[in-house]
Amino acid sequence: MELQIKQLIKNYENKLTLNIKDLIIPSSTFLGIIGPNGAGKSTLAKIIATLENATSGEILYNSNPFTPQLLNDMTLVFQKPYLLRTTVYNNIAYPLTLRKIDGKEINKRVCEILEEMDIVNLKDQKAWTLSGGEAQKVALARGLIFQPSLLILDEFTANIDPSSMMVLEKTIKRFYTKYSPTIIMVTHNLQQARRLCSHVAFINKGEIEEFGEINEVIFNSKNTATKNFISGEIVL
Amino acid sequence: MREMINGIIGGFKILISLDKEVYEIIFLSLYVSLTSTLLATLVSVPLGIFIGTKKFIFKNAVVRFIYTMMSLPPVIVGLIVFLFISRKGPFGQLGLVFTPTAMIIAQFILVSPIIVGTLYTASKEKGADIKRVAKTLGANKTQTLILLIKELRFSICTGIISGFGRAISEVGAVMIVGGNIKGHTRVMTTTIAMLRNMGDYENAIAIGIVLLILSFVINSFLYHFQ
Ligand SMILES: Nc1ncnc2c1ncn2[C@@H]1O[C@H](COP(=O)(O)OP(=O)(O)OP(=O)(O)O)[C@@H](O)[C@H]1O
Ligand SMILES: [Mg+2]
């Protein structure tokens, strides 16, 4: 899905939080969004997912304004996912039941993704008994199962141990290779952005300071704010 | 103390006695309280979720009003309903006074705030998350409402149990609007109050025991349903 952001402004009680002049995210871009705390990254993610309204401006999805049908084709996975009060299986199956897909097909797809993510053992476990990392895997599986063509991830591997993080990243990578969706990934982990993203946008104080191919931005940035941010991150 | 023990024994005797009058009383109690709770549930669950998850003007005032209604004394509700439906009242022509329907109306008013309040609290806490998840996974409006109800099912059951508890155990409202007419509007609580006035403590306690047993059975059923 191609995204076109035009003159997007978001104010929270008259405080300018987001001000994006013009940004085109071509279809099948894997865009990393980086920037300091409070820069407006999550706000942008939520506005794109229509969980939050912009104060002004607009976003075009494949050159069209938003329509509710689009919700069938995009998703947002949060850092702290809300899982339904049921089993892992039912959580992952939920988006497919919404789409009235028949039981056999649901079963097949859910089992596939459980195996892919190596969580078959959690299949019948109650969602509220999962650890944070396990819950995040289930949330990702649930977001991917209906093959959205726009996937938004907001710090989805924060507080996740390295091995689970690898599983999550591998899953995303495989999904990206297989279906070529547009992915927007907010992250504080520059290494993660380098492992996954094709492009990166640096947001600072609500504005996009820089946007480009990942290695261009990381290694050849002319922008001081970006350079400072990146050098700080790399040291870490 | 002897009255207590005899009453307890009497309670079980009554339950198996198949006495027609007693069964009518029990049946009417259940009919009135279950109907009022059911109707209140149908209205109050969506209403509580709405108040808990939507923004609108005077919301704080509405919430405070509901909390106040939760502790409204049954006699007051009975009195107000009575004034509305009494012959000279605005709904006097309907002829509802001293009927089971009047009792259902009064109990509906008593039960609704409890269910609304319970659902308000629950959906205020979890409603936004649930709606967000529903939206990100592609649920439409109806599917979102269904998901809300499913996810809040524990609170819904809690609300129904507390609401039904209030309905089946109150005496003030049904007494005023129903009048405790034998074979017509006499329910368990009004029978107990009447028996006590007559000094028949044993039978009063016996009916009390029946009330307790029935509440237990119905609550167990609802609890199991969760
Ligand atoms: N509902 C809200 N009401 C008022 N201000 C808000 C609200 N949500 C976010 N903000 C403000 O908007 C700014 C941007 O927040 P946002 O969550 O988008 O930052 P972020 O870039 O995701 O930061 P982080 O890296 O810490 O997650 C912050 O200053 C925040 O305080
Ligand atoms: Mg954030």
Side-chain angles (χ1 to χ4, degrees), chain A residues 42 45-53 66-87 90-101 106 110 126-128 135-136 138-154 156 184, chain B residues 41 44-46 48-60 115 117-162 221-226:
Chain A
S42 297
K46 280 188 258 178
I47 292 175
I48 295 174
T50 70
L51 294 175
E52 193 92 58
N53 291 322
F66 174 80
T67 58
Q69 276 102 299
L70 277 167
L71 293 173
N72 274 319
D73 204 23
M74 59 194 225
T75 197
L76 192 164
V77 179
F78 288 95
Q79 178 184 344
K80 287 213 187 83
Y82 178 92
L83 296 179
L84 310 180
R85 271 197 84 81
T86 172
T87 59
N90 287 338
N91 262 281
I92 301 176
Y94 179 67
L96 299 182
T97 56
L98 288 180
R99 288 163 181 76
K100 310 255 166 8
I101 289 166
I106 292 182
V110 174
K126 303 280 188 231
W128 61 92
Q136 195 55 282
V138 173
L140 184 65
R142 185 177 65 181
L144 298 183
I145 193 113
F146 60 99
Q147 297 153 10
S149 49
L150 173 60
L151 173 64
I152 306 162
L153 306 163
D154 190 356
F156 79 115
I184 297 176
Chain B
T41 303
S44 308
V45 169
I49 292 177
F50 179 87
I51 298 172
T53 57
K54 290 258 200 280
K55 282 190 193 134
F56 53 89
I57 49 162
F58 302 132
K59 180 164 165 171
N60 285 338
I115 303 180
T118 312
L119 265 292
Y120 161 75
T121 314
S123 59
K124 190 175 110 175
E125 197 183 305
K126 283 168 55 183
D129 279 339
I130 299 168
K131 281 169 91 171
R132 209 161 58 175
V133 163
K135 191 170 187 187
T136 58
L137 297 176
N140 61 29
K141 285 237 161 71
T142 324
Q143 291 169 328
T144 303
L145 183 65
I146 293 172
L147 187 70
L148 276 163
I149 288 172
K150 268 192 182 166
E151 288 296 294
L152 296 172
R153 61 189 180 274
F154 289 93
S155 307
I156 294 175
C157 274
T158 309
I160 294 177
I161 289 172
S162 337
F221 173 75
L222 279 172
Y223 186 81
H224 182 75
F225 204 62
Q226 284 191 341

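Chain letters run A, B, ... following the sequence lines, proteins first and then strands; every chain starts at 1. Bear in mind the structure is a predicted one, so any value in this text is a computation, not a measurement. Scope of the values below: all heavy atoms of this structure, side chains included, with no hydrogens, waters or symmetry mates.
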Heavy atoms, side chains only, cut-off 4.5 Å: are [X] and [Y] in contact?
X	Y	value
Y94(A)	L147(B)	yes
K126(A)	T86(A)	no
N90(A)	L84(A)	no

Please round to the nearest 0.5 Å and tell me the distance separating atom NZ of K126(B) and atom CG of L148(B).
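Rounded to the nearest 0.5 Å, the NZ-CG separation comes out at 10.0 Å.
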
Top of V77(A), L51(A), L76(A) for chain B proximity - count of heavy-atom pairs under 4.5 angstrom:
L51(A)

Non-hydrogen atoms of chain B under 4.5 Å away: do they reach the side chain of L83(A), the backbone, both or neither?
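Only the backbone of L83(A) comes within 4.5 Å of chain B.
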
Is F146(A) in contact with chain B via its backbone, its side chain, both, or neither, using a 4.5 Å heavy-atom distance?
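Contact with chain B is through the side chain of F146(A) alone.
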
